[in-house]
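The block underneath contains the structure these notes are about, expressed in structure tokens.
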Amino acid sequence: MITRNDIENGEIYVIEDFPTNKDQIDFWYAAQSSKYEYGQRSDSYDGRSQKRLSCHFDPFDFVKTNFWKKLEGIIEYPIGLIEAYINIAESHTLTFPHCDNKSNEMSVLLYLNQEWHRSFGGYTVFFEGMTGDKIKKTVIPSTGRTVVFNGSDFHMALPPTHVAPVPRFTLALKTKWMEKDKDEKIDSSS
């Protein structure tokens, strides 16, 4: 069980084969057939704009997926979905260290490619602190791997190498902690 306290204290969870095979295939087909636009922005420390190619999903629809329900089942504190989107990255994609939020909310990454080898690059790198060069954790975007972390932790997605046969596709979820009796939970009954 992943706790709110662990996430707020900077714990990074890497979960292997978390989505069902059907979910993984469905997300892969969505990644292949989606229309991507520049526009996903992140907060970089040095203020540089980082626009990425992404395809957004309606959060009210996404919370009806099996993947979301499975995710809710491993988190000990109620969560709501703020954003759901797929990022696409190629060898020429420009990235900077950034954070997803400033308030200790949880972020989730699911790597969607059906095949990925470490020589293809595209690693997600997590840093100690906002400006430090010390690497806290590096995650290879292997098929079906899910990463759960504090969205205020500075991280960056390295671009794939020139030997990667396809772009790297990543499903990103930005969540919020649902305060009991204060927030209305976004769920499939909405």
Side-chain angles (χ1 to χ4, degrees), residues 1-28 30-31 42-43 56-87 97-114 116 118 122-130 134-157 168-190:
M1 183 72 56
I2 297 174
T3 70
R4 178 177 179 172
N5 191 52
D6 286 346
I7 294 298
E8 289 180 348
N9 287 325
E11 206 53 52
I12 299 169
Y13 291 88
V14 178
I15 308 166
E16 303 297 332
D17 301 318
F18 182 68
T20 65
N21 190 44
K22 181 184 181 328
D23 288 340
Q24 185 73 22
I25 291 168
D26 288 347
F27 288 140
W28 176 246
S42 297
D43 295 322
H56 286 256
F57 301 104
D58 183 337
F60 289 103
D61 289 335
F62 194 88
V63 296
K64 297 173 187 174
T65 66
N66 290 329
F67 181 77
W68 178 259
K69 291 177 184 180
K70 192 172 178 183
L71 181 65
E72 283 182 312
I74 65 165
I75 309 298
E76 59 82 33
Y77 200 90
I79 55 173
L81 183 61
I82 297 170
E83 284 186 90
Y85 54 91
I86 295 175
N87 282 327
H98 66 278
C99 66
D100 295 341
N101 66 64
K102 297 175 183 79
S103 58
N104 286 324
E105 304 290 352
M106 185 179 75
S107 289
V108 178
L109 300 175
L110 170 61
Y111 302 112
L112 300 179
N113 290 73
Q114 294 300 291
W116 202 263
R118 66 183 183 191
Y123 308 159
T124 303
V125 179
F126 294 89
F127 297 96
E128 291 282 348
M130 187 184 335
K134 185 175 179 188
I135 294 174
K136 183 176 179 177
K137 188 176 210 67
T138 301
V139 181
I140 296 172
S142 296
T143 304
R145 184 170 283 164
T146 303
V147 184
V148 180
F149 62 98
N150 186 323
S152 67
D153 285 350
F154 274 75
H155 59 284
M156 87 186 271
R168 183 189 87 155
F169 294 94
T170 307
L171 174 68
L173 306 177
K174 294 180 182 176
T175 72
K176 69 176 184 170
W177 303 114
M178 302 304 291
E179 302 301 330
K180 296 173 181 145
D181 300 322
K182 282 181 136 180
D183 295 324
E184 183 178 320
K185 188 173 181 182
I186 298 172
D187 63 21
S188 56
S189 63
S190 297

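Just so we're clear, the structure is a prediction, and the values are computed from it rather than from any experiment. Both backbone and side-chain heavy atoms feed into the values below; hydrogens, waters and symmetry mates do not.
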Restricting to non-hydrogen atoms, name the atom on [X] and the atom on [Y] that form the minimum distance, rounded to 0.1 Å.
X    : Y    : result
A84  : L173 : CB-CD2, 3.5 Å
T143 : N113 : OG1-O, 2.6 Å
Y111 : S142 : CB-O, 3.5 Å
T146 : P19  : OG1-CD, 3.9 Å
N101 : S107 : ND2-OG, 4.4 Å
A157 : R168 : CB-NH2, 3.1 Å

Pairwise distance [atom1]([X]) to [atom2]([Y]) - rounded to 0.5 angstrom:
X    : Y    : atom1 : atom2 : value
I82  : K176 : CD1   : NZ    : 6.0 Å
M106 : E11  : CE    : CD    : 14.0 Å
N87  : T170 : CG    : OG1   : 6.5 Å
I79  : W177 : CD1   : CH2   : 7.0 Å
I15  : R145 : CD1   : CZ    : 11.5 Å
H98  : M130 : NE2   : CE    : 14.0 Å

My understanding is that only residues two or more places apart in sequence, or in another chain, count here; which of them pass side chain to side chain contact (heavy atoms under 4.5 Å, CB included) with [X]?
X    : result
D26  : K22
R118 : Y123, I140
I135 : V125, F127, T138
D58  : F60, D61

Next on the checklist: If you define the side chain from C-beta out and look only at heavy atoms, does anything of I86 sit under 4.5 Å from F57?
Outcome noted: yes
Item to check | Sequence-distant partners of F27, ring-ring contact (aromatic ring centres under 6.0 Å, His included), two or more places apart | outcome: F62, F67
Applying side-chain hydrogen bond (donor to acceptor under 3.5 Å, both in side chains), can you list everything that pairs with [X], at least two apart in sequence or on another chain?
X    : value
N5   : N9
N150 : N104, S152
E128 : none
D6   : T3, Y13

Next on the checklist: What verdict does the side chain to side chain contact (heavy atoms under 4.5 Å, CB included) test give for N66 and T20, after you've listed the backbone C-alpha separation in whole Å, the side-chain angles of each residue and the deciding distance to 0.1 Å?
Outcome noted: CA-CA 8 Å; N66 290 329; T20 65; 5.5 Å; no
Item to check | V139 vs F126, side chain to side chain contact (heavy atoms under 4.5 Å, CB included): CA-CA, chis, key distance, verdict | outcome: CA-CA 8 Å; V139 181; F126 294 89; 4.1 Å; yes
Checklist entry - Between Q24 and W28, does a side chain to side chain donor-acceptor pair (under 3.5 Å) hold up when you go through it step by step? => result CA-CA 6 Å; Q24 185 73 22; W28 176 246; over 6 Å; no
Next on the checklist: As a quick check of understanding, evaluate side chain to side chain contact (heavy atoms under 4.5 Å, CB included) for L71 and V108, giving each step before the final call.
Outcome noted: CA-CA 9 Å; L71 181 65; V108 178; 3.9 Å; yes
Checklist entry - What residues, two or more places apart in sequence or in another chain, satisfy salt bridge (charged side-chain N to carboxylate O under 4.0 Å, His left out) together with K136? => result D153
